[in-house]
Amino acid sequence: MSALSLAHEPVTGIRHGKLGMWIFLASEVMFFSGFFTAFIILRNANLSVFAHGATELNWPLAALNTVNLIVSSLTMAMSILSLENGDKGKFQLYLGITFLCACGFLVIKYIEYTTKFSHGIYPGTSSFFGLYFTMTGFHAIHVIGGMIPIGWMLAKSFTKRGYADTGRVEILGLYWHFVDLVWIFLFPVLYLIF
Amino acid sequence: MFDFSWNMLSYFPPGISTYSEAHDDLFALVYWVSVGIFMLVQIVLVTFIFKYRHRPGHKSYHYHGNNVVEFTWTLAPTILFAGLGLYSDEMWKIMKYSSRIPTPDVEIDVVGQAFNWHARYPGADGILGKRHARYRTATNLFGIDPTDARGKDDIVLTGEFNLPVNKNVVVHLSSVDVLHSYFLPNFRIKQDAVPGSWIDVWFNGTKTGKYELACAELCGSGHYAMRAVLNMQADADFAKWMDAKNAAKKIILDAEAANPKPVEAAAAPAPAAHGEGGHH
Amino acid sequence: MEAAVLTHEHGHAVAHAADHTHEHHEPSFIRKYLFSTDHKTIAKQFLTTSMFFLLVGGAFALFIRWQLAYPGEPIPIIGSWLPDSLVSNGAIQPGFYTQLVTMHATVMIFFVIIPMATGAFANFCIPLMIGTDDMAMPIVNMMSFWLVPVAGLTIMAGFFVEGGTAAAGWTNYPPLSASGMGHTLWVIGVFLVGFSSILGGMNYVTTVLNKRAKGMRMFDMPMTVWALFITAILQTLGTPVLAADAVLLFVDQVFHAGIFIPENLLTPNGGLFPNGANVGTGGGGQPVLWQHLFWFYSHPAVYIMILPIMGVVSDVLATFARKPIYGYKAMVFAIMAIAFLGFVVWGHHMFLSGMSPLLGTTFMLSTIVIAVPSSIKIFNWLGTIWRGDIHFTTPNLNALGFISTFVCGGLSGVFMAIGPIDVYIHDTYFIVAHIHYVLFGGALFGIFAGIYYWFPKMFGKMYNESMGKFHFVTTFITFNLCFFPMHMIGVGGHMRRIHDPYVYEFLKPFQPINQFITIFAILLGFAQLILIFNLIWSVKFGRPAPRNPWRANTLEWAAPAHPGHGNFDRDITVYRGPYEFASPESKRDYLPQWIRPAHVEQETVAKH
Amino acid sequence: MAAGHSAGEMQKAYIKIFSALMVFTLLTIVAAKFVHFPESWGSLSTVLHVTIGLLIAVAKAWMVVYVFMHIKFDNPYIRVFIYVPLFLFAVLVFALTVLGGPTL
């Protein structure tokens, strides 16, 4: 039985997880496409409401978060590179920075949300804020979803056995860059242009 | 057991609008094309099933197909169906393009409300007053602008409407709560009433009589009973009916003018017939 | 806690294994049947779950039919068991009726046909037919299944909340669906089942691309795998849009943001609809936006339900006509064309929605073009049985029945594609007839064909052939007598989703037809018990199946009669296409994909 | 690791992209918040703001995908997973805005 050679190299030469992640990301693009389409249609129908809504948002905080995510993207890419070079210390350092950036992102998001609530602004305030909370909320869920495996890999790398699955870190990297990518669009669309 | 006919076309309710005949002809065309293809495929299928059934010693023909044949039976349906589509586009334009709506002889507003149809006639001045959603209340379903004098004499009716025959009728259609669909089977008309927008529907009825107006979009538990009656009248009869309505409205308006307390207009909607509980 | 239970059960299983002198290390019951990562077990889980939901959805349908035939009369037997909130004196109340039509469609689409086609068949067939041991991501696969019962329970829980379950039709159009706990549960359930679909889809695409057996090119794959592969692409790209739509509706339901709800709407009580738009700063929401996003998924979903079935039918027909598929590549390209066009035709569900008529013209033309690849498939199936050697086994009967009914369903679709005709037949029983000809006559007959065809491999037993044939014949006859007359009352203007049609004068003459339909609907429903009995009986008492009972060519028949974990007991290399029936190279009338050319030569007859 | 590229090269590429992303972020803020078009331009000014903002966002996204997500170095086959959903998104938006806009 064990002599069977059914399990062979991936036909496409791309690891299952990576291929699966790309398909998942394609799916994610469609998910956010739904939100962006709704945003475009409702914005065109209610220009003044959306313009007014955007002025209520705190764009400097969002800009800070943009920088936050760009830095985390860089460190994520560097951490993969370090792991491929076998540099465990640098891997931990870069992945650690990525994790911290993600935490920082969530803290800033928390400040933004609570400020809105204290001003009496909720998702039900208008269709603009309905979309704002939905889109940034789902983005934040994606950030949390990325932090779990980042944290796990980081913790694992401090154990005796360490962590050396570069393939998995690369897959995680793809996901993390996608999260950055969504924010790259959310930032101007929600905060800047109207 | 019942009146049964193989001819599906015989089930149509009598058509009485200017384009119902053209509509039914288009339907008949698609129907006979479909019946032709359907019979062809079924006959071929049954023939093959019978002719090529398994018998001992019989071996099938090892054959993978032929590109010329594939090309032919790709091209033929493409021409057929694309032709059908292009041909029908004219009918679509007549029914739906607002640029193709003829000059209206009669213009009314219609709104759906779970589970009733309401119509607004222009009243004595022959002009519908301005309306906007922000004026809408449970007693002012059309959102008639109270500041517009032309709207004062507008007449609102529920459940039963009269319209003249051989006139271009344009209905401005909307809804005050959920989606409804304005379905006049005899006129071959159906259009969703969408809350938040006004959609124009037009028809020209050619026969007098009482016809049914149905709601075709699920709008709650009372949806099934969201029925109204459309009374198509000869010109003179319609004018007489309209005059009577205008006179009645004038009495109310006069009383309102004399009495500082506003008299509840006859326009207030009747309580929904089947609306108990209704919406979840 | 979970882990504790697992180890506990595990210990038991090991003890049992020792008792029964099992040779191999036997996984615990939970690992083996509940949280298994084996694709065949997951396929069986999908199959049993959707069979269960088939009965539930079927029961709902019979309630609906009873009301249409005998409005106001108590439902026989069951009527007295139902609570007074749903029935009065045993007769269905209008509110309950709208819940029934909603739940019938929701259950049948999201919990029967989609899980059956893309859950049971995809899971069972893909790894076996491409000659591999399991899916690319077995744990993702397991999650994909377990989301389905969770979603099902979420939606079913609606029956027990205040106001009842969702009652706005399976399309759940707002503003009607924008309030009420039942609708919120519906939205959550659909989100979950959509997530299951996405996870399944990414797994199937990866598996097909990455795990094909040695020597198997894409164009060596059986039609079933091709169809499932393209379907999986539709699932991964279409479903997230529905998920986004569901999230936005949820935001409207819970926070009243006014995304789909325009300004100043009235509730049925005459008050203002709770809505961000009403507080002055808000904008007007757009009910039609929901429809666009919904149909952007749900039109491709129609193909998610039918494409896998087309693949299954192609395989079954080729096997039992003992003949290669006619125009294999044309069939593959037709599937691709259907999938592509499926994404650009959603608007034909919305001819009456008040969208721009220019968009109507566009969608009318794109929709009508989709008839072309569908007819290519029909012609190729006819070409496949042409000069064949047709064996009338139960799977083949169902496949032939599929062609017969699918032609009807496809042609009635042309009526809907043409805008001006759709204006009249939209939301009438003509549509109901069409959807049942496509999804019952099409998808379900194909599913039956597939269940019978792969039953021997799935359970290692043969099903009972006479019972199978009896099931087909009764189903085929009652199906047609039940659904064909719906076209006629549809042309007569009979609206769908109405609790009592006879409040309308022009529908009163149709009551006898409705009674006729109901009688055959009941017979059709009970005919399905034959299938269920046959399956259960055969799993227990069926005759053991041989390895390749149908003398078929595809790789699943190279596996042992009842394959265990890992599927195959021999190395699999593919040497030729999947449909080499009656090949002159071989003495036998079939030539499996896995037979070495050297081995074939030993039995080759002299070439002429 | 991307075949044929040394770690040093990759690191340089990452830093370059990172700097470009930072500059573009600054640019988008300046364009949106500190560049004002004349009042007389009316709605054209909004259109310009939206266009500039989206163009910068697309450029940034492209850089992330191309270098950080290794599209530049990886199997070209993976690009399908980007193009197909973008095409579908375009279809959706085109239908709803361009075709769905006019009432005829």
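Side-chain atoms are counted along with the backbone in the values below, which use heavy atoms only and exclude waters and symmetry mates. Naming convention: chains lettered A, B, ... in sequence-line order (proteins, then strands); numbering from 1 in each chain. All of these numbers come straight from a predicted model, not from anything done at the bench.
Each of B:His58, B:Arg53, B:Lys51, B:Lys190 has some count of heavy-atom pairs under 4.5 Å with chain C, and the biggest count is that of B:Lys190. Interface check for chain C: of the options B:Gly143, B:Ser10, B:Pro13, B:Gly196, the most heavy-atom pairs under 4.5 Å are formed by B:Pro13. Contact count versus chain B (heavy atoms, under 4.5 Å) is highest, among C:Pro174, C:Ala330, C:Ala371, for C:Ala371. The candidate from C:Asp427, C:Thr384, C:Ile489 with the greatest count of non-hydrogen atom pairs under 4.5 Å with chain B is C:Asp427. Looking only at heavy-atom pairs under 4.5 Å with chain B, the residue among C:Leu382, C:Ile418, C:Asn380 that has the most is C:Asn380. Options C:Gly383, C:Ser353, C:Gly577, C:Gly493 differ in how many heavy-atom pairs under 4.5 Å they form with chain B, and the most are formed by C:Ser353. Ranked by heavy-atom pairs under 4.5 Å with chain C, the list B:Ile199, B:Leu84, B:Val176 is led by B:Val176. Contacts with chain B were tallied for C:Val288, C:Val101, C:Asp589, C:Ile376; C:Ile376 has the most, counting heavy-atom pairs under 4.5 Å. Heavy-atom pairs under 4.5 Å with chain C peak, among B:Phe38, B:Trp92, B:Tyr19, B:Tyr63, at B:Trp92. In terms of heavy-atom pairs under 4.5 Å with chain C, the best-connected choice from B:Ala76, B:Ala82, B:Ala216 is B:Ala216. Residue with the most contacts toward chain C among B:Phe81, B:Phe48, B:Tyr211, B:Tyr52: B:Tyr52 (heavy-atom pairs, distance under 4.5 Å). Taking chain B as the reference chain and counting heavy-atom pairs below 4.5 Å, the highest number among C:His426, C:Glu162, C:Met350 is found for C:His426.
Heavy-atom distances place no part of B:Asn7 under 4.5 Å from chain C, backbone and side chain included. Only the backbone of C:Phe581 comes within less than 4.5 Å of a heavy atom of chain B; no side-chain atom from C-beta onward does. Using a 4.5 Å cut-off between heavy atoms, B:Met91 contacts chain C through both its backbone and its side chain. For a residue to count as touching a neighbouring chain, one of its non-hydrogen atoms must lie under 4.5 Å from one of that chain's; by this rule C:Phe430 touches chain B with the side chain only. For C:Met364, the part sitting under 4.5 Å from any heavy atom of chain B is the side chain, from C-beta outward, and nothing else. Heavy-atom distances place both the backbone and the side chain of C:Leu266 under 4.5 Å from chain B. With a 4.5 angstrom heavy-atom cutoff, C:Ala417 does not touch chain B via any of its atoms. In this structure, chain B has heavy atoms under 4.5 Å from both the backbone and the side chain of C:Val423. For chain B, the nearby parts of C:Ile385 are the backbone and the side chain; heavy atoms of each come within less than 4.5 Å. Contact of C:Pro485 with chain B is not made at all, since no heavy-atom distance falls under 4.5 Å. Interface remark: B:Ser88 contributes backbone and side-chain atoms alike to the contact with chain C (heavy atom separation under 4.5 Å). Neither the backbone nor the side chain of C:Phe260 comes within contact range of chain B; no heavy atoms are under 4.5 Å apart. For B:Phe183, the part sitting under 4.5 Å from any heavy atom of chain C is the side chain, from C-beta outward, and nothing else. If you measure heavy-atom distances from B:Leu80 to chain C, you find no contacts under 4.5 Å at all. Heavy-atom distances place no part of B:Thr47 under 4.5 Å from chain C, backbone and side chain included. Heavy-atom distances place the backbone of C:Tyr579, and not its side chain, under 4.5 Å from chain B. With a 4.5 Å cut-off on non-hydrogen atoms, C:Ile325 touches chain B through its backbone but not through its side chain. Contact of B:Val69 with chain C is made through the side chain alone, with heavy-atom distances under 4.5 Å.
Contact detail for C:Leu176 and B:Gly220: the closest heavy-atom pair is CD2-N, 3.6 Å. Contact between C:Met495 and B:Ala214 at its shortest, heavy atoms only, is CE-CB, 3.5 Å. When all heavy atoms of B:Tyr224 and C:Val503 are compared, the closest pair comes out as O-CG2, 3.3 Å. Across all non-hydrogen atoms, the minimal contact from B:Leu26 to C:Pro420 is CD2-CG, 3.7 Å. Closest approach of B:Gly85 to C:Leu365, counting heavy atoms only: C-CD2, 3.9 Å.
A heavy-atom distance below 4.5 Å is not found between the side chains of C:Lys323 and B:His62. Looking at B:Leu9 and C:Val491, their side chains never come closer than 4.5 Å, going by heavy atoms from C-beta outward. The shortest side-chain heavy-atom distance between B:Ser221 and C:His499 does not fall under the 4.5 Å cut-off. By the 4.5 Å heavy-atom criterion applied to side chains, B:Asp177 and C:Thr267 are not counted as neighbours. B:Val41 places none of its side-chain heavy atoms less than 4.5 Å from the side chain of C:Trp381. Side-chain contact between B:Ser60 and C:Arg387: absent, with no pair of heavy atoms (C-beta onward) separated by less than 4.5 Å. Side-chain contact between C:Tyr326 and B:Glu70 is present, with heavy atoms from C-beta onward closer than 4.5 Å. Side-chain contact between C:Tyr173 and B:Glu217 is present, with heavy atoms from C-beta onward closer than 4.5 Å.
Ring centers of B:Phe27 and C:Phe415: under 6.0 Å apart, within the cut-off. Taking the six-membered ring wherever Trp is involved, the centroid distance between the rings of B:Phe12 and C:Tyr424 falls below 6.0 Å.
Under a 3.5 Å cut-off, the side chain of C:Glu505 and the backbone N or O of B:Glu212 do not form any donor-acceptor pair. C:Glu263 places no side-chain N or O within 3.5 Å of a backbone atom of B:Arg134 that could act as its donor or acceptor partner.
In this structure, C:Lys329 places its NZ atom where only 12 or fewer heavy-atom neighbours from other residues, nucleotides or ligands lie under 6.0 Å away. Summarising the local packing, CZ of C:Phe392 is surrounded by more than 12 heavy atoms from other residues, nucleotides or ligands at distances under 6.0 Å. Other residues, nucleotides and ligands place no more than 12 heavy atoms under 6.0 Å from the CD atom of B:Glu21.
In this structure, NE2 on B:His54 lies 12.5 Å from CG on C:Asn396, to the nearest 0.5 angstrom. With rounding to the nearest 0.5 angstrom, the CG atom of B:Leu218 is 6.0 Å from the OG1 atom of C:Thr102.
Inspection of the B:Asp89 and C:Thr361 side chains reveals an N or O donor paired with an N or O acceptor under 3.5 Å. With hydrogens and angles left out, the side-chain atoms of B:His64 and C:Glu580 include a donor and acceptor closer than 3.5 Å.
Ring geometry for C:Trp386 versus B:Tyr61: interplanar angle over 60°, hence perpendicular rather than tilted (30 to 60°).
Results of the side chain to side chain contact (heavy atoms under 4.5 Å, CB included) test with C:Ile498 over B:His223, B:Met226, B:Arg227 single out B:His223 as the only residue that passes.
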The test is side-chain contact (heavy atoms from CB on, under 4.5 Å); show your working for B:Tyr11 and C:His494 and say whether it passes. CA-CA 10 Å; B:Tyr11 286 84; C:His494 194 311; over 6 Å; no
Test log, rule side-chain contact (heavy atoms from CB on, under 4.5 Å), inputs C:Leu400 and B:Ile49: CA-CA 9 Å; C:Leu400 293 167; B:Ile49 287 176; 3.9 Å; yes
